[in-house]
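In what follows, residues are counted from 1 in the order of the sequence shown.
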Amino acid sequence: RTPEPVFVQGLVKKPDRYEYPPAEELRLLGAVSLAGGLANPVADKIYVVRRKPGTNRTILITSKVSDAKRDENANLLLAPGDVVSVE
């Protein structure tokens, strides 16, 4: 079964939906890269909206581009269906 795409929006050069790579992992900076990188050099805040498994509820995860570049833990592992918004 094909995983749901990841949606990348906000201050990126090519906001769109991107296929989640099967049998691979996709991290936060990888998703920003797929979207052509940052459209604004001062953009730093990132919100990830994720559906809570088994429910219709969502959770909001926050991170920063600057943190993700320095700390592997801040470069979050994305899940299929995540919405990534760069602010």
Side-chain angles (χ1 to χ4, degrees):
R1 180 176 157 187
T2 304
E4 290 183 60
V6 171
F7 298 86
V8 185
Q9 60 190 25
L11 298 174
V12 292
K13 293 179 182 172
K14 298 184 297 186
D16 205 347
R17 62 183 266 168
Y18 294 92
E19 297 303 317
Y20 195 95
E24 292 181 35
E25 57 181 39
L26 180 61
R27 295 201 170 263
L28 199 54
L29 292 178
V32 171
S33 180
L34 284 174
L38 299 176
N40 183 328
V42 298
D44 192 43
K45 192 177 287 188
I46 299 178
Y47 296 106
V48 177
V49 180
R50 179 175 290 167
R51 271 185 300 201
K52 198 169 183 181
T55 71
N56 287 333
R57 300 187 66 166
T58 59
I59 57 174
L60 181 66
I61 305 165
T62 60
S63 188
K64 291 183 174 184
V65 173
S66 57
D67 291 346
K69 287 179 178 179
R70 289 191 309 264
D71 181 4
E72 181 180 313
N73 293 323
N75 190 15
L76 304 169
L77 178 62
L78 297 177
D82 279 354
V83 176
V84 177
S85 182
V86 179
E87 308 288 325

Single-linkage hydrophobic cluster Leu38~Phe7, side-chain heavy atoms < 4.5 angstrom: no

Path from Ile46 to Leu77 over hydrophobic side-chain contacts below 4.5 Å: yes

Val48, Thr58, Val49 screened by side chain to side chain contact (heavy atoms under 4.5 Å, CB included) with Val83, the one that passes: Val49

Residues forming a side-chain hydrogen bond (donor to acceptor under 3.5 Å, both in side chains) with Ser85, sequence neighbours excluded: Glu87

Under the side-chain hydrogen bond (donor to acceptor under 3.5 Å, both in side chains) test, residues paired with Arg17 that sit two or more places apart: none

Pairing residues for Pro80 by the side-chain contact (heavy atoms from CB on, under 4.5 Å) criterion, not counting sequence neighbours: Pro3, Glu4, Tyr20

Cluster check Val84, Tyr18: I/L/V/M/F/W/Y, side chain < 4.5 angstrom: yes

Going by atom type alone, with no hydrogens or angles, which donor-acceptor pairs under 3.5 Å involve a side-chain atom of residues 26-37 and a protein atom two or more places apart or on another chain?
residue : atom : partner : partner atom : Å
Arg27   : NE   : Glu25   : OE2          : 3.2
Arg27   : NH1  : Asn75   : O            : 2.9

Common cluster, Val8/Ile59, ILVMFWY with side-chain heavy-atom separation under 4.5 Å: yes

All side-chain hydrogen bond (donor to acceptor under 3.5 Å, both in side chains) counterparts of Ser66, not counting sequence neighbours: Asp44

Name of the residue among Arg70, Lys69, Lys64 meeting salt bridge (Lys or Arg N to Asp or Glu O under 4.0 Å) with Asp67: Arg70

Residues in side-chain hydrogen bond (donor to acceptor under 3.5 Å, both in side chains) contact with Asp82, at least two apart in sequence or another chain: Arg50

